[in-house]
Asks: 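Structure below; questions to follow.
Please read these numbers as outputs of a predicted model, since none were measured by experiment. Order of the sequence lines sets the chain letters (A, B, ...), proteins ahead of strands, with each chain counted from 1.
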There are 2 protein chains.
Amino acid sequence: MGERRASGTRPAVRTTTVAVDVAILAPMGTELAVLVQAGGRAGAAGSAELPWDGIRPSDTLDDAADRIARAALGFAPAWLGQCGTWSDTRRHPGGARTSVGYLAVCPGSATGAPVGENGAWVPMSAQPSLMPRQRAVLDAAAMLVQSRIDQSPLAFRFLPAAFTLSELQAIYELLLDRKLHKASFRRALHAARLVAPLDEWRSEGRGRPAQLFQYAPARRRSVRRAVRFDLIAPTPGR
Amino acid sequence: MGERRASGTRPAVRTTTVAVDVAILAPMGTELAVLVQAGGRAGAAGSAELPWDGIRPSDTLDDAADRIARAALGFAPAWLGQCGTWSDTRRHPGGARTSVGYLAVCPGSATGAPVGENGAWVPMSAQPSLMPRQRAVLDAAAMLVQSRIDQSPLAFRFLPAAFTLSELQAIYELLLDRKLHKASFRRALHAARLVAPLDEWRSEGRGRPAQLFQYAPARRRSVRRAVRFDLIAPTPGR
DNA sequence: CGAATTAGTCACAATGTGCGACAAAAGTCA
DNA sequence: TGACTTTTGTCGCACATTGTGACTAATTCG
């Protein structure tokens with residue numbers, strides 16, 4: 001003991017095979033959907049896979065994730081963020097020992113259009129059968145959405161730039177999986193000064209036309225609030 | 001266009017060199033400190049480094065991080081969590097192209113004892129001069145602490161199992177960098193039913209002895225709360 | 001035109017938070 | 001011993017935030 005380094009040996013880097021795996025999520029109807037592609041062995045059971053690739057010499061991980069998401073979607077995702085990294089022997093479509101997982105978010109309009117030749121949007125509830133490694137990435141991506149909803153404007157990335165407040169509320173209800181009260185939702189939203197009205201209205205079939213808004217956070221007083229003990233979940237996370 | 005994969009090529013894994021870098025944080029006096037070790041070239045300016053190592057064939061990343069933290073500290077950290085992964089050309093002590101960053105947390109008692117032959121606790125405000133890659137890891141670790149304070153019992157990991165409420169409040173004040181009101185702090189803490197009193201008191205010099213508590217989250221009603229728009233920061237993170 | 005439907009707001013009750021005041025239990029020191 | 005200091009721990013009130021149902025507004029449908 002008293003050894004400076006792990007187990008008395010000097011630290012040394014090792015070589016590994018690495019892939020970037022991207023879970024691309026978008027709202028579809030009343031729930032989230034994930035974009036999967038047919039695997040290498042088409043027709044085989046459990047052959048769906050998340051879009052993935054290796055990293056190129058000049059790539060950062062963010063570069064690679066953006067490239068993979070663009071290639072799968074045909075356009076850039078509205079948001080990208082890392083959701084974890086794993087290195088183990090679980091199966092991966094490319095046989096990578098190490099996977100860097102990313103979450104990509106895009107508006108619901110994407111789930112209405114076809115995605116390439118072998119892409120498909122699968123509802124999260126349908127539990128697409130992925131290889132174990134990619135299953136871990138998808139689970140972590142879903143967790144990341146949950147943990148970031150209240151801390152970042154992630155919910156807005158599931159919508160186009162201009163949206164109605166009812167659409168925004170529907171996204172929050174989808175992500176949080178519970179009904180919200182319209183008046184409370186709007187009161188809190190406006191108090192936070194996160195959206196600005198556009199001089200534009202949209203009529204969606206019957207009913208009064210809804211005003212369009214855009215995400216436009218205003219400089220707001222950084223009030224010192226209480227410690228939020230009520231948000232603490234028993235497990236300290238991953 | 002219409003291509004199924006990135007740039008029309010089939011996806012393929014690549015090889016990279018990888019290190020696990022661990023930012024070990026603990027309270028020291030009134031601020032956080034990070035554990036650094038003297039680098040390979042002792043005495044050289046900017047030679048401090050975070051504990052790091054490669055991954056072993058049977059290691060998961062969590063295994064490696066735990067091993068590295070134990071070796072540096074002499075005991076297991078109270079908490080470990082991934083804070084990000086980077087793959088770029090920034091300098092790293094081991095020359096790794098890819099780094100998996102971890103945050104390790106341990107109680108303040110650690111910062112009073114010596115740490116191995118060439119370890120030292122450096123206050124975060126002192127900005128230890130690390131190589132660029134490890135600087136990124138440390139910054140991400142600090143961000144992770146901030147983002148998890150309200151979502152997980154992370155603050156409790158900076159304390160021993162038994163603690164006084166004043167100690168807990170001091171940790172929160174240190175992490176949030178602001179004074180908290182004692183009565184409000186305790187009211188919210190007890191309302192969340194996160195701690196249980198021990199039948200033990202501790203006298204710290206003068207003043208009334210403080211009762212000791214332990215972290216013991218009780219099953220509490222999962223009240224449906226409002227969407228917390230006020231916590232949303234303008235940037236969607238990382 | 002009236003019913004149905006969706007958007008948007010209001011008022012009030014219930015709950016939560018900031019904050020000062022104060023009581024309780026110990027040590028310090030004349 | 002007894003006043004003074006220091007720290008723990010609680011109470012109560014003013015004020016802010018949130019939950020909820022009721023209400024008005026603007027549009028389509030038949």
Side-chain angles (χ1 to χ4, degrees), chain A residues 29-30 149-150 159 162-174 176-214 220-232, chain B residues 29-30 149-150 159 162-174 176-214 220-232:
Chain A
T30 180
I149 292 174
D150 285 337
L159 289 172
F163 49 84
T164 70
L165 298 189
S166 293
E167 288 170 341
L168 181 62
Q169 181 175 339
I171 288 292
Y172 269 97
E173 291 180 340
L174 180 162
L176 298 174
D177 195 28
R178 61 196 171 90
K179 290 289 293 178
L180 299 174
H181 192 275
K182 183 170 55 168
S184 301
F185 180 81
R186 295 178 179 214
R187 195 202 303 126
L189 178 63
H190 289 128
R193 301 182 58 190
L194 286 178
V195 296
L198 301 172
D199 193 28
E200 202 173 340
W201 281 258
R202 177 193 298 160
S203 188
E204 203 76 60
R206 38 196 152 277
R208 174 176 168 175
Q211 188 168 18
L212 294 181
F213 288 78
Q214 62 184 349
R220 49 192 207 274
R221 75 209 181 286
S222 65
V223 280
R224 295 316 192 187
R225 315 290 271 91
V227 181
R228 305 282 192 177
F229 292 113
D230 55 311
L231 298 179
I232 291 185
Chain B
T30 179
I149 292 175
D150 285 338
L159 289 171
F163 51 84
T164 70
L165 298 188
S166 294
E167 290 170 339
L168 181 61
Q169 184 176 336
I171 289 292
Y172 269 97
E173 293 179 340
L174 181 160
L176 299 174
D177 194 30
R178 61 194 171 92
K179 292 289 293 180
L180 299 173
H181 192 274
K182 182 170 55 170
S184 301
F185 180 82
R186 294 179 180 211
R187 197 204 301 125
L189 178 64
H190 288 129
R193 302 182 58 189
L194 286 177
V195 297
L198 301 172
D199 194 27
E200 200 173 341
W201 281 258
R202 177 192 297 161
S203 188
E204 203 77 58
R206 34 191 155 279
R208 173 174 170 177
Q211 188 165 18
L212 294 181
F213 288 77
Q214 61 185 348
R220 49 194 207 276
R221 73 207 183 284
S222 63
V223 278
R224 295 315 190 189
R225 313 292 270 91
V227 180
R228 303 284 193 178
F229 292 112
D230 54 310
L231 299 179
I232 292 185

Asks: In terms of the nearest nucleotide of DNA chain C, which residue is placed more toward the 5' end: A:Arg225 or A:Leu212?
Replies: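 Result of the comparison: A:Leu212.
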
Asks: Given atom CG of A:Leu180 and atom P of D:dT18, what is their separation to the nearest angstrom?
Replies: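 Distance, rounded to whole Å: 13 Å.
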
Asks: May I ask you to decide whether A:Arg228 forms a salt bridge with B:Asp230, counting only side-chain N to carboxylate O separations under 4.0 Å?
Replies: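 Yes, charged N to carboxylate O under 4.0 Å.
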
Asks: Who are the side-chain contact (heavy atoms from CB on, under 4.5 Å) partners of A:Leu198, not counting sequence neighbours?
Replies: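 A:Ala162, A:Glu200, A:Leu212, A:Gln214.
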
Asks: Checking A:His190 now: which residues fulfil side-chain contact (heavy atoms from CB on, under 4.5 Å) with it, not counting sequence neighbours?
Replies: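 Counting only residues at least two positions away or on another chain, A:His190 forms a side-chain contact (heavy atoms from CB on, under 4.5 Å) with A:Leu165, A:Arg186, A:Val195, A:Phe213.
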
Asks: Specify the separation, in whole Å, of atom CZ of B:Phe163 and atom P of D:dG9.
Replies: 12 Å

Asks: From D:dG19, C:dG8, D:dG9, pick the nucleotide closest to the side chain of B:Ala226?
Replies: D:dG19

Asks: Who pairs with A:Arg208 by side-chain hydrogen bond (donor to acceptor under 3.5 Å, both in side chains), at least two apart in sequence or on another chain?
Replies: none

Asks: Return the 5'-most residue of the pair B:Val227, B:Glu204 with respect to DNA chain D, ranking by each residue's nearest nucleotide.
Replies: B:Glu204

Asks: Could you work out how much the helix from C:dC1-D:dG30 to C:dA30-D:dT1 bends, comparing the axis of its first five pairs with that of its last five, to 10°?
Replies: 0°

Asks: Listed by chain and number, what are the side-chain contact (heavy atoms from CB on, under 4.5 Å) partners of B:Leu174, not counting sequence neighbours?
Replies: B:Pro27, B:Leu32

Asks: Mind checking what makes side-chain hydrogen bond (donor to acceptor under 3.5 Å, both in side chains) contact with B:Glu173, not counting sequence neighbours?
Replies: B:Gln169

Asks: Rounded to whole angstroms, how far apart are CZ on A:Phe185 and P on C:dT9?
Replies: 13 Å

Asks: So which one's nearest nucleotide on DNA chain C is more toward 5', A:Arg228 or A:Glu167?
Replies: A:Glu167

Asks: For B:Phe229 and D:dT18, what is the distance between atoms CZ and P respectively, to the nearest whole Å?
Replies: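 Between P of D:dT18 and CZ of B:Phe229: 10 Å.
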
Asks: Checking B:Phe163 now: which residues fulfil ring pair (Phe, Tyr, Trp, His ring centres under 6.0 Å) with it, not counting sequence neighbours?
Replies: B:Phe156

Asks: Reading nucleotides 20-30 of chain D from the 5' end, what letters show protein touch, with B for base, S for backbone sugar-phosphate only, - for no heavy atom under 4.0 Å?
Replies: BB---BBBSS-

Asks: Tell me every residue that passes side-chain hydrogen bond (donor to acceptor under 3.5 Å, both in side chains) with B:Arg206, counting only those two or more places apart in sequence or in another chain.
Replies: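 Partners of B:Arg206 under the side-chain hydrogen bond (donor to acceptor under 3.5 Å, both in side chains) test: none.
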
Asks: Pick base, sugar-phosphate or nothing for B:Ser166, based on heavy-atom distances below 4.0 Å to the nucleic acid.
Replies: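 Touches sugar-phosphate only.
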
Asks: Which whole-number value in Å describes the distance from B:Arg202 CZ to C:dG27 C1'?
Replies: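 Those two atoms, CZ and C1', are 17 Å apart.
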
Asks: From CD of B:Gln169 over to C1' of D:dT7, roughly how many Å is that when rounded to an integer?
Replies: 12 Å

Asks: Starting at atom CZ of A:Arg186, determine the distance to atom P of C:dC10, rounded to an integer number of angstrom.
Replies: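 Computing the A:Arg186:CZ to C:dC10:P distance gives 12 Å.
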
Asks: What is the distance from CG of B:Leu168 to P of D:dT8, rounded to the nearest Å?
Replies: 13 Å

Asks: Can you name the closest pair of heavy atoms from B:Pro209 and B:Trp201 and give their distance?
Replies: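 Scanning both residues, the minimum pair turns out to be O-CD1, 3.8 Å.
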
Asks: Check every strand shown and say whether B:Gln211 touches a base, only sugar-phosphate, or nothing at a heavy-atom separation below 4.0 Å.
Replies: sugar-phosphate

